[in-house]
Amino acid sequence: MEYSTTAVRTCMYALGKELISLQDELTGLDSKLGDGDLGVSMALGGTALCETIESSSAKTLDTLLMQCASSFNKAAPSTLGTLLSMGMRAISWKLEGQESITEAQLVEIPRILAGEIVLKGKAKPGDKTILDALLPYSDAIEAHYAASGNLREAAIEAATAAKAGAEATKGMVAHTGRARWLGERNKEYPDGGAVLCQRIADFLGSFRLT
């Protein structure tokens, strides 16, 4: 099955709204681990996504994603905001000239995003970052889709893996970002980026592209 640019627009607009709704939760969590700007940064990025979707006349997915990446980066110039915008650019390169996306390509997106974060963010699993939820999510959605061919079921199963990954960051000591300066003092809380991944995974598991 394939999904049109219009369907992707609808999903990304809803995702932008979801990011806005997470502001208070992410701010409260990040205030314990960093400088407390994660919630505001993601809400600003979400607002930029919605505004870009509403104003864009892009017909191809790569153009749309590049526009979203640029606006997101300008609106949310935090470390995670920059990494996510780079991830959107990397995804756009894989969809050059396409006006629709297949289910198989959708399943590849989390892995592309994780790869860009590893490359540009210099983080690895166990560093208490978004990767600790995103990589399990990537593994799970790929495995379940390969076994069942059902994208919706795979997304639901993968959301469970993302939740387990986010919860596992409790007890970890951060090795990147501002949180690393807290040392052992940040162990009792989950990573904000990992929780963000969990929430997006939950959203995608319940969202219908058609």
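- Residues Val118 and Leu196 share a hydrophobic cluster, clusters being chains of Ile/Leu/Val/Met/Phe/Trp/Tyr side chains in contact below 4.5 Å.
- Remark: the backbone N or O of Leu26 is not paired with any side-chain donor or acceptor of Asp30 at under 3.5 angstrom.
- When the side chains of ILVMFWY residues are joined at heavy-atom separations under 4.5 Å, either directly or via intervening members, Phe207 and Ile200 end up in a single hydrophobic cluster.
- A donor-acceptor pair shorter than 3.5 Å cannot be found between the side chains of Tyr137 and Gln198.
- Taking CG of Leu95 as the start and CE of Met66 as the end, the distance is 12.0 Å to the nearest 0.5 Å.
- Of the candidates Ile20, Thr27, Leu84, Asp37, Leu84 is the only one forming a side chain to side chain contact (heavy atoms under 4.5 Å, CB included) with Met42.
- Counting heavy atoms of neighbouring residues, nucleotides and ligands inside a 6.0 Å radius, atom CD of Glu96 does not exceed 12 of them.
- The two residues Ala75 and Ala48 have their closest heavy-atom pair at CB-CB, 3.6 Å.
- Closest approach of Ala166 and Ala133 over heavy atoms only: N-CB, 4.0 Å.
- Put simply, the side chain of Ser92 gets close to the backbone of Arg89: a donor and an acceptor are under 3.5 Å apart.
- Arg9 places a side-chain N or O within donor-acceptor distance of the main-chain N or O of Ser56, the cut-off being under 3.5 Å.
- Here the straight-line distance linking atom CD1 of Ile141 with atom CD1 of Ile109 works out to 9.0 Å at 0.5 Å rounding.
- In this structure, Met12 CE and Thr52 OG1 are separated by 8.5 Å, a value rounded to the nearest 0.5 Å.
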Do Leu64 and Thr5 pass the side chain to side chain contact (heavy atoms under 4.5 Å, CB included) test, and can you show the C-alpha distance, the side-chain angles, and the key distance before you say yes or no?
CA-CA 8 Å; Leu64 179 64; Thr5 301; 4.2 Å; yes
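- The residues Asp139 and Arg111 are annotated as salt-bridged, a charged nitrogen and a carboxylate oxygen being separated by less than 4.0 angstrom.
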Check the pair Val40, Gln23 against side chain to side chain contact (heavy atoms under 4.5 Å, CB included), reporting the backbone distance first and the verdict last.
CA-CA 6 Å; Val40 172; Gln23 178 173 341; 3.7 Å; yes
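- In this structure, NZ in Lys17 is found 12.0 Å from CD1 in Ile53, a value given to the nearest 0.5 Å.
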Intermediate values then yes/no, salt bridge (Lys or Arg N to Asp or Glu O under 4.0 Å), Asp202 and Lys163: CA-CA 9 Å; Asp202 289 338; Lys163 179 179 180 180; over 6 Å; no
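- Checked by atom type and distance alone, the side chain of Asp127 never pairs as donor or acceptor with a backbone atom of Thr129 at under 3.5 Å.
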- Could you check Met88 against Phe72 for side chain to side chain contact (heavy atoms under 4.5 Å, CB included), going step by step and ending with a plain yes or no? CA-CA 9 Å; Met88 280 188 265; Phe72 193 93; 3.6 Å; yes
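- Ile130 contributes atom CD1, which lies 8.5 Å from atom CG of Leu83 (distance to the nearest 0.5 angstrom).
- Judged purely by atom type and a 3.5 angstrom limit, Thr82 uses its side chain to pair as donor or acceptor with the backbone of Ser78.
- Nearest heavy-atom pair, Cys68 versus Leu49, reported as atom, atom and distance to 0.1 Å: CB-CD2, 3.6 Å.
- In the hydrophobic clustering of ILVMFWY residues, with side-chain heavy atoms under 4.5 Å counting as a link, Leu204 and Val8 come out together.
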Might you work through the side chain to side chain contact (heavy atoms under 4.5 Å, CB included) test for Leu151 and Tyr145, ending with a clear yes or no? CA-CA 6 Å; Leu151 180 60; Tyr145 183 73; 4.1 Å; yes
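- Between Tyr189 and Lys170 there is no side-chain heavy-atom pair separated by less than 4.5 Å.
- A donor-acceptor pair under 3.5 Å is absent between the side-chain atoms of Asp62 and the main chain of Trp93, judged by distance alone.
- Taking OG of Ser70 as the reference point, atom CG of Leu65 lies at 12.5 Å (rounded to 0.5 Å).
- With Thr169 contributing its side chain and Asp191 its backbone, the two residues share a donor-acceptor pair below 3.5 Å.
- Here the side chain of Thr10 pairs a donor or acceptor atom with the backbone of Thr6 at under 3.5 angstrom.
- The shortest side-chain heavy-atom distance between Gln105 and Glu2 does not fall under the 4.5 Å cut-off.
- Considering all non-hydrogen atoms of both residues, Ala201 and Ala162 come closest at CB-CB, 3.8 Å.
- Nearest heavy-atom pair, Ala58 versus Gln67, reported as atom, atom and distance to 0.1 Å: CB-OE1, 3.8 Å.
- The two residues Ala155 and Gly205 come nearest to each other via the heavy atoms CB-CA, 4.1 Å.
- Hydrophobic clustering (ILVMFWY, side-chain heavy atoms < 4.5 Å, transitive): Ile112 and Val107 are in one cluster.
- For the pair Pro125/Asp132, a side-chain contact is recorded, criterion being any heavy-atom separation below 4.5 Å from C-beta on.
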| said: Applying salt bridge (Lys or Arg N to Asp or Glu O under 4.0 Å) to Glu25 and Arg199, what does each step give before you reach the verdict? | reply: CA-CA 10 Å; Glu25 178 184 8; Arg199 297 292 183 246; 2.6 Å; yes
